[in-house]
Amino acid sequence: MSEFANLLDLYKHAPLLELGALADAKRRELHPDGIVTYIVDRNINYTNVCVADCGFCAFYRRPKDGEGYTLSYEQIGVKIEETKELGGVQILIQGGHNPYIPFEWYLELIKYIKRHHPIHIHGFSPSEVDFWATLYRMDARDVIRELVKAGLDSIPGGGGEILVQRVRDLVAPKKAGANRWLEIMEMAHLEGLRTSSTMMFGIGETPEERLEHLLRLRDVQSRTGGFTAFICWPLQPENTPTLSHMPKTDAVEYLRTTAFARLVLDNIPNIQASWVTMGMKVGQIALSYGCNDFGSLMIEENVVSAANTTYSTTTDEMERLIRNAGFTPRRRRQNYQLIASPTAA
Ligand code: SF4
């Protein structure tokens, strides 16, 4: 059998506990110290105005909608200061595809943050980079270079969903295509940026397409080594424009998928548990299904909460949950460098 057929067979037919044990063994091999990391950061969605109309998105508003917003630099600055007061070490800044914002606004925003509220800026997904390249008639590589020159530190894996064009044509036809998303990630890696990678599943894809998604990420990683981490989560169908009829993914399917990802993505060092969508208990279990990172203590999460799925926690709670799951909690930076935390110092 081909590697594809072997892996697919494992994903579809292996008992859950077997898949979990294999993923756990892989996690131990890569992270033998029993440490589970997490980061304190804040998700800042600078605008909810968007013309991409993704069928799974409960967050965006069309231009001219009365509920559309774009934050001012000062509002973003206040959010960063609040983040720092809570021990935050980065912001994750992303937004809709807003056709009314000039490119200089982003460059000046990054410079403003670095000048007045210095913090690691993990921002602007490949879909945003692609949108700007088209809107401002620029080469995507130049968009990335300008962002880096202004002070961008790393790029999040947002907008990846399922990196198979058939699926993207169904749910996000106006957004960067599968090849383009991967191309922009590869460009960013070649420009020296580190990025994360994602998979949002349960949007109408087949198991074969999930595997294809993972293999395409692995392929880029084998050339660049630029992905620091992978996280997958299932669609939250509530309040979405066109996918509210989709069944909600249960914990078993989530655990199968995250464990499977740990096995396929053997060249991506870190796998994050998605407690934001799955809840704390499943998040804890995921630590025995291949995950070595508990993601972020997100101070703000607009996109998931717009679909009525909000779990919030505190650093104490985060560390307690990790410890109760049998691991040693440590705070980290975006690049997975460990930093002192009150209980681990
Ligand atoms: S997921 Fe992002 S690109 Fe798609 S509609 Fe929502 S805000 Fe726009």
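In listed order, ligands and their atoms are each counted from 1.
Nearest-residue assignment for atom 7 (S) of ligand 1 (options Gly96, Gly55, Pro241; heavy-atom criterion): Gly96. Nearest to atom 1 (S) of ligand 1 by heavy atom, out of Ala52, Cys57, Ala172, is Cys57.
If you look at Tyr46 and Tyr106, their ring centroids are closer than 6.0 Å.
Atoms of ligand 1 found under 4.0 Å from any heavy atom of His97, numbered from 1 in the order shown, are 3 (S). Close approach of ligand 1 to Cys50 is summarised as follows: ligand atoms under 4.0 Å from at least one heavy atom of the residue are 3 (S), 5 (S), 7 (S), 8 (Fe). The atoms of ligand 1 that sit less than 4.0 Å from any heavy atom of Lys175 are 1 (S), 3 (S), 4 (Fe).
The side chain to side chain donor-acceptor pair (under 3.5 Å) check on Arg216 picks up Asn179, with sequence neighbours excluded.
Sequence neighbours left out, the pairs with a member in residues 249-269 that pass salt bridge (charged side-chain N to carboxylate O under 4.0 Å, His left out) are Arg210-Glu253.
Between Glu82 and Lys79 there is no salt bridge, since no side-chain nitrogen of the basic residue lies less than 4.0 Å from a carboxylate oxygen of the acidic one.
One finds the OG1 atom of Thr47 at 11.5 Å from the CZ atom of Arg61 (value rounded to the nearest 0.5 Å).
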